[in-house]
Amino acid sequence: MAHNLLAGKRGIIFGALNDMSIAWKVAEKAVEEGAQIVLTNTPVAVRMGTINELGEKLNAPVVASDATSVEDLQQLFIQAQKLLGGKIDFVLHSIGMSPNVRKKRTYDDLDYDMLDKTLDISAISFHKMIQTAKKLDAISEGGSILALSYVAAQRTFYGYNDMADAKSLLESIARSFGYIYGREKGVRVNTISQSPTMTTAGSGVKGFDGLFDFSDRMSPLGNASAEECADYCIVMFSDLTKKVTMQNLFHDGGFSSMGMSLRGMTQYNKSFIEQNTDKDGHIIYG
């Protein structure tokens, strides 16, 4: 049921790849709530994914843009304002990728060139996006900027690797820019720390199925779905949260406040077998 929470608002959604993407669900909800949006992703993602289908469905323009390129971002914000007929009211940064994770490099054996790419794509792109928008004065007074994070920014999770560093940096950028943009233009900048979610990117993390199950067993309310995350994003884009900024908002069914649950302990007690070993029988911690 729609509530017209975003009636008359204009937004840019970064990161929709296919219908498993959180950004995809956010785009659908935003239009359902009355917004006009522009969809964007890298040129290769636009070619390989199904974002054009979403654009047709939502009557939303798709603009290919590399979020790590300031020049691309400048053109995106200029073009989006022309397409939508005014300044942007909300932006979602739903971007994350680790070459080290893809190449199965453990945290104690990172390739540093790939680490640079992880940080640039997953976090520094957020800074570039906000800085570009601010210099162009592309965001409306009282606008809302969101990025998607994960609790691994605060805690250590097996297999999450250098993405944890990227999420920590992402949240720091939100705080630092939130102060400046808030004081100067009243623009809110926040991150949402989402439950493990069955997306194309998330499923690439080592042991993701186990992580998903563990989180679900630990959380009093269970894991938050992509659709539920989209609902939360809509509220953060709306005028209902005008004074919420510089926050990392946990949307994880209570997982971030838990130590151990009955369901988690029950499953833990079923097996004490150590399975994460190399060919020589040494435990792999990374």
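No hydrogens, no waters, no symmetry mates; every other heavy atom, side chains included, goes into these values.
Rounded to the nearest 0.5 Å, atoms CE (Met163) and NZ (Lys167) are 4.5 Å apart.
Between the side chain of Gln79 and the backbone N or O of Leu76 there is no donor-acceptor pair closer than 3.5 Å. For Gln81 (side chain) and Phe77 (main-chain N/O), a donor-acceptor pair under 3.5 Å exists by modelled atom type. Here the side chain of Asp72 pairs a donor or acceptor atom with the backbone of Asp66 at under 3.5 angstrom. Asp216 contributes no side-chain N or O that, together with a main-chain N or O of Gly222, makes up a donor-acceptor pair within less than 3.5 Å. Side-chain N or O atoms of Ser144 include none that pairs as donor or acceptor with a backbone N or O of Phe90 at under 3.5 Å. Side chain of Ser21 to main chain of Trp24: no donor-acceptor pair is present (N/O by atom type, distance under 3.5 Å, no hydrogens or angles). At distances below 3.5 Å, at least one donor-acceptor pair connects side-chain atoms of Asn190 with backbone N or O atoms of Gln247. Remark: the backbone N or O of Ser65 is not paired with any side-chain donor or acceptor of Ser69 at under 3.5 angstrom. Distance alone, capped at 3.5 Å, is enough to place a donor-acceptor pair between the Glu33 side chain and the Asn4 backbone. Not a single donor-acceptor pair under 3.5 Å links the side chain of Arg188 to the backbone N or O of Lys243.
Taking a 6.0 Å sphere around CG of Asn59, one finds it holds 12 or fewer heavy atoms contributed by other residues, nucleotides or ligands. By the neighbour-count criterion of 12 heavy atoms within 6.0 Å, atom NZ of Lys87 is densely surrounded, having more than that number from other residues, nucleotides or ligands. The environment of CD in Glu71 is sparse: at most 12 heavy-atom neighbours from other residues, nucleotides or ligands sit within 6.0 Å. Counting heavy-atom neighbours within 6.0 Å of Arg155 CZ, excluding the residue itself, gives a total above 12.
Leu84 and Leu146 are assigned to two separate hydrophobic clusters, defined by single-linkage of ILVMFWY side chains at heavy-atom distances under 4.5 Å.
Aromatic ring centres of Phe157 and Tyr150: separated by under 6.0 Å.
Checked against salt bridge (charged side-chain N to carboxylate O under 4.0 Å, His left out), Asp120 has the following partners two or more places apart in sequence or in another chain: Lys128.
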Could you walk me through whether Asp137 and Lys185 pass salt bridge (Lys or Arg N to Asp or Glu O under 4.0 Å), step by step? CA-CA 9 Å; Asp137 194 24; Lys185 295 289 184 179; 3.6 Å; yes

Lys103/Asp111 under salt bridge (Lys or Arg N to Asp or Glu O under 4.0 Å): CA gap, chis, key distance, verdict: CA-CA 10 Å; Lys103 298 292 184 180; Asp111 178 288; over 6 Å; no

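The nearest pair of heavy atoms linking Leu39 to Ala27 is CD2-CB, 3.7 Å. Across all their heavy atoms, Pro220 and Gly253 have their closest contact at CD-O, 3.1 Å.
Residues Asn248 and Thr191 have side chains that bring a donor and an acceptor to within less than 3.5 angstrom of each other. When only modelled atom types and interatomic distance are considered, Gln194 and Thr197 share a side-chain donor-acceptor pair under 3.5 Å. For the residue pair His93 / Ser125, a side-chain donor-acceptor distance below 3.5 Å is found, with atom types taken as modelled. No side-chain N or O of Arg217 forms a donor-acceptor pair with one of Ser261 less than 3.5 Å apart. No side-chain donor-acceptor contact under 3.5 Å links Gln74 and Thr132. Side-chain polar atoms of Asp165 and Tyr107 form a donor-acceptor pair below 3.5 angstrom. Side-chain atoms of Asn100 and Asp162 form a donor-acceptor pair, as typed in the model, at a separation below 3.5 Å.
Met114 is listed as a side-chain neighbour of Arg105, based on a closest heavy-atom distance under 4.5 Å. The closest side-chain heavy-atom distance from Glu184 to Lys134 is below 4.5 Å.
Salt bridge absent: Lys29 and Glu227 never bring a charged side-chain N and a carboxylate O closer than 4.0 Å.
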